[in-house]
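Okay, so here's the structure we're looking at.
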Amino acid sequence: MKLYNTMTKKKEEFVPLEEGKVKMYVCGPTVYNFIHIGNARPMIVFDTARRYLEYKGYEVNFVSNFTDVDDKIIKKSVEEGVPAEEISERYIKECKKDMADMNVKEATTHPQATQEIDGMIDMIQTLMEKGYAYAVDGTVYFRTRKFDEYGKLSHKNLDDLRSGNRSLLVSGEDQKEDPLDFVLWKPKKEGEPYWVSPWGEGRPGWHIECSVMSKKYLGEEIDIHAGGEDLIFPHHENEIAQSECCNGKTFARYWLHNGFLNIDNRKMSKSLGNFFTVREIGEQYDLQVLRFFMLSAHYRSPINFSREIMESSKNALERIVTAVSNLKHLGEAAETMQLTDEEKSLLEEMRSFRTKFEEAMDDDLNTADAVSAIFELVKFANTNAGEKSSKEFVETVKTEIIRLSDILGLLVEKEEENLDGEIEKLIEERQAARKARDFKRADEIRDQLLAQGIILEDTREGVKWKRA
RNA sequence: GGCGCAGUAGCCAAGUGGUAAGGCAAUGGUCUGCAACACCAGUAUUCACCGGUUCAAAUCCGGUCUGCGCCUCCA
């Protein structure tokens, strides 16, 4: 399969370091609040990448961190008058709930920055010893210009950065040797969480966390490092500098970055007041709809979020769910078991959808095309499966739809749910009324149930219901 | 100022040289007591605009316009 590598700006054939295994690191959220739908994009996109790699037979060691020491967390803890730890623990829990609701698999390891401070101190010390870092008054800086390859990921050159951005030169910290140097360790301020280090009490800079956690759980050289496109510079650039200077090895071989999620064609941000949390969206929609929406475009393109598109996504996903549900009923009602010759050849034909699906995913995770393959399969199912179909045929087609959807993390099989007796009774009464051609009463009952959020559909296999 | 991305039907969106996938919405038809589901049909002679290369371009090259992002915490 091919993946677009930000480092080379090309789609490259993916070849893991170790055959059959993938070491993958995805930068996770800073846990100072509920995650927003922008945070959800890399989670969903790279979870899908992982699922597909697993489908291809790779054993994926998937690491995604929680940044639990940060200015924003400290700010929130001051506001609420509780320890920073309480804030981060709370939102890690909430984040995990949201991830589960979006059907994002748990990482192999979810490290937390505060649990890895020793490793950070070690790495900083090594960088000091090698001359890549220096300390001034309790702050440790990375000596950016000493790393020749700095800028190779974001394709920037240091002189452009200097001349292009005057504020960088002017801004504050004149104790730095060079304006481009960035912080590895910062001294504590009164009331802030801190750890003891050779440079005094303080806490790590943001970038060092990921370098250390990636190294500890995946090794010095990994296959895939991923995150939002805004992390390319400076975060990932700095990680590369730290890790490669410390370890003397290539840090990551493939750099994957997702595009942004916009609201009304503008970047979602607090200052614009245009952001939604995953939790809020979850109150209005099944989060499967959010997942479907995110997968309906290519992961590197920006996507625009709106209510209209959520409605459209909801209806589209419903089409797949309905098809699976119809196949299920057909399977239960099927009169014959064995495949007919005609069905055998139809199943041969059906393979083409999986082929299309795989070709799409092999081409830099083209989920939009993969989804369209599922829709073509749905159409195939709706057209070819009927009352006369054998049980085996119907089951095979159903399983195929579920299987392909599952690779994308989309759950399309509705869980069995029992209605309460009251409602069952009403449905039976309505059936009796219909039989007696008392359609007025029948419609009355249908409207009554609709008011309770239950939609009835009269199909050849009997009455079906679903939640509105 | 530097770097980069995008502009495909009402909406979303795939498609990087060979004659426009898929979905939503809307329309007509079949099915249905009605509705829903489903199916069928038609729906972009055309891919922001201008010019060029080519037998052939939405796809390549040059230019123009428009929108957006990064360069500072950010998914």
Side-chain angles (χ1 to χ4, degrees), chain A residues 6 9 11 26-30 35-46 67 70-72 151 154-157 159-168 171 206 226-235 237 257-262 265-271 275 292-293 296-298 300-304 306 308-320 322-323 325-326 329 356 360 363 366-379 381-386 433-434 437-440 442-443 446-447 450 455-461 463-466:
Chain A
T6 304
K9 297 179 164 179
K11 284 184 194 172
V26 180
C27 288
T30 301
I35 57 165
H36 59 238
I37 54 179
N39 292 307
R41 171 114 105 140
M43 290 176 183
I44 288 172
V45 158
F46 298 120
T67 294
D70 170 271
D71 288 341
K72 289 186 288 267
S154 52
H155 307 101
K156 295 177 188 302
N157 74 66
D159 297 319
D160 284 348
L161 284 173
R162 286 177 72 98
S163 60
N165 201 321
R166 309 187 80 205
S167 62
L168 206 61
S171 71
W206 176 40
E229 65 180 354
D230 57 329
L231 296 185
I232 296 171
F233 189 91
H235 185 54
E237 200 71 74
H257 294 99
N258 64 275
F260 259 66
L261 181 133
N262 298 324
N265 290 313
R266 305 225 116 218
K267 181 173 169 172
M268 191 168 72
S269 75
K270 281 210 164 158
S271 52
F275 82 98
F292 179 90
F293 157 64
S296 66
H298 190 89
R300 283 189 284 118
S301 310
I303 48 172
N304 203 33
S306 68
E308 189 188 7
I309 199 167
M310 282 298 283
E311 284 298 319
S312 161
S313 299
K314 181 184 170 192
N315 292 338
L317 181 60
E318 187 70 23
R319 179 170 158 86
I320 304 174
T322 302
S325 156
N326 286 342
H329 284 87
K356 181 181 171 182
D363 183 18
N366 190 336
T367 52
D369 255 359
V371 168
S372 84
I374 294 177
F375 277 110
E376 286 172 32
L377 174 59
V378 163
K379 177 129 182 173
N382 288 337
T383 312
N384 293 302
R434 287 182 70 213
R437 304 191 68 79
D438 179 2
F439 297 120
K440 191 174 167 235
D443 290 349
R446 187 166 61 193
D447 290 345
L450 181 62
I455 297 169
L456 293 186
E457 293 175 359
D458 303 319
T459 71
R460 289 186 192 82
E461 296 86 45
V463 189
K464 288 202 299 186
W465 65 272
K466 64 182 179 186

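Chain identifiers are assigned alphabetically (A, B, ...) following the order of the sequence lines, protein sequences preceding nucleic acid strands; residue numbering begins at 1 within each chain.
Contact check, A:K356 against B:G22: no side-chain N or O comes under 4.0 Å of OP1 or OP2. The phosphate of B:A75 (OP1 or OP2) has no side-chain N or O of A:R300 nearer than 4.0 angstrom. A sub-4.0 Å separation between OP1 or OP2 of B:C40 and a side-chain N or O of A:K379 is present. Contact between the side-chain N/O atoms of A:N315 and the OP1/OP2 oxygens of B:G23 is not found at any separation under 4.0 Å. In terms of phosphate contacts, A:N326 brings no side-chain nitrogen or oxygen within less than 4.0 Å of OP1 or OP2 of B:A38.
Taking every side-chain heavy atom of A:A368 into account, B:A13 is the closest of B:G69, B:A13, B:C12. Side-chain proximity of A:D458 to the nucleotides B:A35, B:A75, B:A14 is greatest for B:A35. When distances are taken from the side chain of A:N382 to each of B:A75, B:C71, B:C39, the shortest belongs to B:C39. For A:I303, the side-chain atoms get nearest to B:A13 when compared with the rest of B:A35, B:C40, B:A13. Relative to the side chain of A:I309, the nucleotides B:A36, B:C12, B:C39 differ in distance, and B:C12 lies closest. Comparing B:A21, B:A75, B:A38 against the side chain of A:D369 picks out B:A21 as the nearest. For A:R446, the listed nucleotide lying nearest its side chain is B:A35; candidates were B:A36, B:A25, B:A35. Checking B:A75, B:C70, B:A36 against every side-chain atom of A:N39, the shortest atom distance belongs to B:A75. Each of B:G23, B:C37, B:G4 was ranked by its minimum atom distance to the side chain of A:E457; first place goes to B:C37. Side-chain atoms of A:T383 lie closest to B:C40 of the nucleotides B:A38, B:C40, B:G33.
Residue-level contact check: A:K9 touches the backbone only, with heavy atoms under 4.0 Å from sugar-phosphate atoms and none from bases. Residue contacts for A:G38: at a heavy-atom cut-off of 4.0 Å it reaches a base atom on one of the strands shown.
Between A:T322 and A:D443, it is A:D443 whose nearest contact on RNA chain B lies nearer the 5' terminus.
B:G33 has its base stacked against the ring of A:F439, the centroids being under 5.5 angstrom apart at an interplanar angle below 30°.
At least one side-chain heavy atom of A:P29 sits under 4.5 Å from a side-chain heavy atom of A:M43. Considering only heavy atoms from C-beta on, A:P42 comes within 4.5 Å of A:N258 through its side chain.
Judged by atom type and distance alone, A:R434 reaches the base of B:G33 through a side-chain donor-acceptor pair under 3.5 Å.
B:G4 is paired with B:C68 under the Watson-Crick or G-U wobble criterion, all donor-acceptor distances under 3.5 Å.
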